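As structure tokens, the structure follows; a few thoughts come after it.
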Amino acid sequence: MKTAISPTRAENFPEWYQQVVAEADLAVNSPVRGCMIIRPNGYGIWERIQKLLNDRIMETGHENLYFPLFIPLSFFSKEAEHVEGFAKEMAVVTHHRLKMIDGELKPDPDAKLAEPLVVRPTSETIIGHHFRESVKSWRDLPLLWNQWANVVRWEMRTRLFLRTAEFLWQEGHTAHATAEEARAETMKMLGVYVDLCDNVLAMPTISGEKPAHERFPGAESTFSFEAMMQDGKALQAGTAHYLGTHFSKAQDIKYQNKEGGLDYCHTTSWGVTTRLIGGMIMTHGDDDGMRIPPRVAPRHVVILPIQRGAPEDEAVLAYCESLAAELRGQAYAGEPVRVFVDRKDERAVDKRWAWIKKGAPIICEIGGRDVASGNISFYRRDKLREGEKLAMNSLPCAQFIAGMSGLLAEVQAQLFADAKKRLDANIVKDVDSFDALKAYFAGKAGENEDSFRGWLLVPWKRPEGEAGETLLETLKQLKLTTRNVPFGQEGKPGKPCIFTGEPADEMVLIARSY
RNA sequence: CGGAGUGUAGCUCAGACUGGUAGAGCACUGCUUUCGGGAGGCAGGGGUCGUGGGUUCAAAUCCCGCCACUCCGACCA
């Protein structure tokens, strides 16, 4: 069968991913190593995520504000774990002027900054600085802040959307009087994210707490939600951290309590990034390209006029425009239906495949015959093929328009259902020995590393000290990672830890990961 | 930062061993035939062959230096 993307997912998943990003016109590599140019089709998705997530962040009582891109180097030296976590990947600004030296533009040696500035890899330190300035009394708390920004982490190896040197995100930072309140905030925002993933991105996740060695540098506890990609690997879709008083002690963020004494604030931070787009590609994409869930699709319906260089073309175009206008009068998920009439001077069939690859949920093709019959011919991107052929649907115009809201909801639900089914079906819970774990990931006869492997949920005893190091090394050699300890576990498993044989504390998710 | 590889048209690459007028496919432009299912023909535009030096009558090709990128590792949202 001829597919729009080559290789297919089964043939070579990583290469398939790169091809989809290119063919769906989502992003390209930039002249700057590791940074991406996000093309309109990709940025349009990000704008949808921004809007719908921002609404939810506002609904939960937060305020948006903005901090500088540059952070004084000295700010990082205050929290030891934090600086250790990020030191290896920070971009540093050292000069403020260029000068022509021997015919070449170079940083002017006479224009060296007294203190180097770090391009933010995350903003805990500079926001903490302003927390300190903003908090005097218990009456000032809580502070519930969020900013939309870009950050830079100088990664060695990058992949479009999944790991880039610069990426876009939202970072929430809050300060509270008590640990209970800060912990509740962390969980609340994790819930917001999970809701976004389920109901907007149609990307189901497993949320839980990260083991100690996977915590955010400087966090007391880190929570993640993990999505399963179509090759079985886990993708950390986002995180929320309870930072305890680590940062407030390092940065002296204190408030006067009701009794008149001074207490340290408890802080949190939480974020999701443009990586979500990469997650959606690997969750919903098929061998014909991207499939965008309607909630985040820049265009719900794309209308392709079939032009024949004949007098009837005008009537076809007019018909398309009036159909578009009527569709725009319809609402889906509380917003007008987003319609685009693609009038580009190309054959309809070529444009059709372009939009299939871009992932538009509904693609209509309108020719003279449709104008005459009053029927609309369209493809659903979630159910594109019937066997090898494309599945063309047909509905009377009025019915098509009136049913659009329901149709989009159906597409959205279908994408989620498919992803949820895959996630639920591929978490293996009955592996109870280390040998069985190795056998599961090793595969059958050969070394087929790219074949699908799901996740294991296994009993373990939380490793401490040297035992932890050993376990990590063991997993690393198998190219495995601990993802998180899923929520909702009641009591201890009542089974032995598969690594040590001692009584297990809890069940932990183990998977290959991005 | 280790290991490997590659730099020639927008993209994928051939040409290099054996020095002698810069090539193909796709994409792009124009014309044309097709026209409801990823079309075909004709004609075009486009490259200081990564960069600096050397050898030579002559260098994409041989020699030396440098730079960049990609892939595989370690690190990570």
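Proteins get letters first, then strands, A, B, ... in listed order; numbering begins at 1 in each. All values reported here derive from a predicted model rather than from experimental measurement.
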| Paired with B/C62: which nucleotide, if any, by Watson-Crick or G-U wobble criteria at under 3.5 Å for both distances? |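 B/C62 is paired, partner B/G54.
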| field | Partner nucleotide of B/G44 by Watson-Crick or wobble geometry (both distances under 3.5 Å) | value |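 Pairing partner, where one exists within any strand: B/C28.
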Remember a base hit wins even if backbone is also touched, and classify [X] as base, sugar-phosphate or nothing at under 4.0 Å, heavy atoms.
{"X": "A/S377", "answer": "base"}
{"X": "A/A4", "answer": "base"}
{"X": "A/T239", "answer": "nothing"}
{"X": "A/Q236", "answer": "sugar-phosphate"}
{"X": "A/L235", "answer": "nothing"}
{"X": "A/G368", "answer": "base"}
{"X": "A/K389", "answer": "nothing"}
{"X": "A/T164", "answer": "base"}

Could you tell me how far apart [X] ([atom1]) and [N] ([atom2]) are, to the nearest whole angstrom?
{"X": "A/R39", "N": "B/G10", "atom1": "CZ", "atom2": "C1'", "value": "13 Å"}
{"X": "A/L390", "N": "B/G37", "atom1": "CG", "atom2": "P", "value": "11 Å"}
{"X": "A/E346", "N": "B/A27", "atom1": "CD", "atom2": "P", "value": "11 Å"}
{"X": "A/R352", "N": "B/G36", "atom1": "CZ", "atom2": "P", "value": "11 Å"}
{"X": "A/D313", "N": "B/G36", "atom1": "CG", "atom2": "C1'", "value": "13 Å"}
{"X": "A/E124", "N": "B/A77", "atom1": "CD", "atom2": "P", "value": "12 Å"}

I'd like to know if [X] and [Y] make a salt bridge, using a cut-off of under 4.0 Å between side-chain N and carboxylate O.
{"X": "A/R343", "Y": "A/E321", "answer": "yes"}
{"X": "A/D287", "Y": "A/R9", "answer": "yes"}
{"X": "A/D342", "Y": "A/K344", "answer": "no"}
{"X": "A/K210", "Y": "A/E226", "answer": "yes"}

| task | Before giving the answer on side chain to side chain contact (heavy atoms under 4.5 Å, CB included), spell out for A/I356 and A/L390 the whole-Å C-alpha distance, their side-chain angles and the decisive distance to 0.1 Å. | result | CA-CA 11 Å; A/I356 287 173; A/L390 296 192; 4.2 Å; yes
| query | Which residue, A/R215 or A/G367, contacts RNA chain B at a nucleotide closer to its 5' end, judged by nearest heavy atom? | reply |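 The 5'-side residue here is A/G367.
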| said: Which is more 5' along RNA chain B, the nucleotide nearest A/T274 or the one nearest A/T3? Just name the residue. | reply: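 Result: A/T3.
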Considering only the [atom1] atoms, how many Å lie between [N] and [M], rounded to the nearest integer?
{"N": "B/U8", "M": "B/U51", "atom1": "C1'", "result": "14 Å"}
{"N": "B/C69", "M": "B/A43", "atom1": "P", "result": "41 Å"}
{"N": "B/G30", "M": "B/A68", "atom1": "P", "result": "40 Å"}
{"N": "B/U29", "M": "B/G45", "atom1": "P", "result": "15 Å"}
{"N": "B/A58", "M": "B/G20", "atom1": "P", "result": "14 Å"}
{"N": "B/G46", "M": "B/U6", "atom1": "C1'", "result": "24 Å"}

| message | Using every non-hydrogen atom in the two residues, find where A/A202 and A/A419 come nearest and quote the distance to one decimal. | response |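 In terms of heavy atoms, the two residues are closest at O-CB, 3.9 Å.
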| query | Who pairs with A/T94 by side chain to side chain donor-acceptor pair (under 3.5 Å), at least two apart in sequence or on another chain? | reply |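 Listed in chain order: nothing, the list is empty.
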Shortest side-chain distance from [X], nucleotide among [options]:
{"X": "A/R308", "options": "B/G38, B/A77, B/C35", "answer": "B/C35"}
{"X": "A/R385", "options": "B/C75, B/G38, B/G36", "answer": "B/G38"}
{"X": "A/E365", "options": "B/G38, B/G37, B/A77", "answer": "B/G37"}
{"X": "A/E155", "options": "B/A77, B/G36, B/G38", "answer": "B/A77"}

| OP1 or OP2 of B/C75 sitting under 4.0 Å from any side-chain N/O of A/K476? |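 A/K476 to B/C75 OP1/OP2: side-chain N or O found under 4.0 Å.
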| query | Just to confirm, is there a sub-4.0 Å distance from OP1 or OP2 of B/G38 to any side-chain nitrogen or oxygen of A/K357? | reply |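 No, no such contact exists.
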| said: Using the rule ring pair (Phe, Tyr, Trp, His ring centres under 6.0 Å), only one of A/Y193, A/F487, A/W270 pairs with A/F225; which is it? | reply: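 The single option meeting the ring pair (Phe, Tyr, Trp, His ring centres under 6.0 Å) with A/F225 is A/Y193.
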| request: State whether the aromatic ring of A/F167 stacks on the base of B/A77, taking stacking to mean ring centres under 5.5 Å apart and ring planes under 30° to each other. | output: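 Here A/F167 meets both the 5.5 Å and the 30° conditions.
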Check nucleotides 67-70 of chain B for protein N or O atoms closer than 3.5 Å to its own N or O atoms and list the pairs.
residue, atom, partner, partner atom, Å
B/U70, OP2, A/R33, NH1, 3.0

| Out of A/R381, A/R385, A/K383, which one pairs with A/D288 under the salt bridge (charged side-chain N to carboxylate O under 4.0 Å, His left out) rule? |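 Testing A/D288 for a salt bridge (charged side-chain N to carboxylate O under 4.0 Å, His left out) against A/R381, A/R385, A/K383 leaves exactly one candidate, A/R385.
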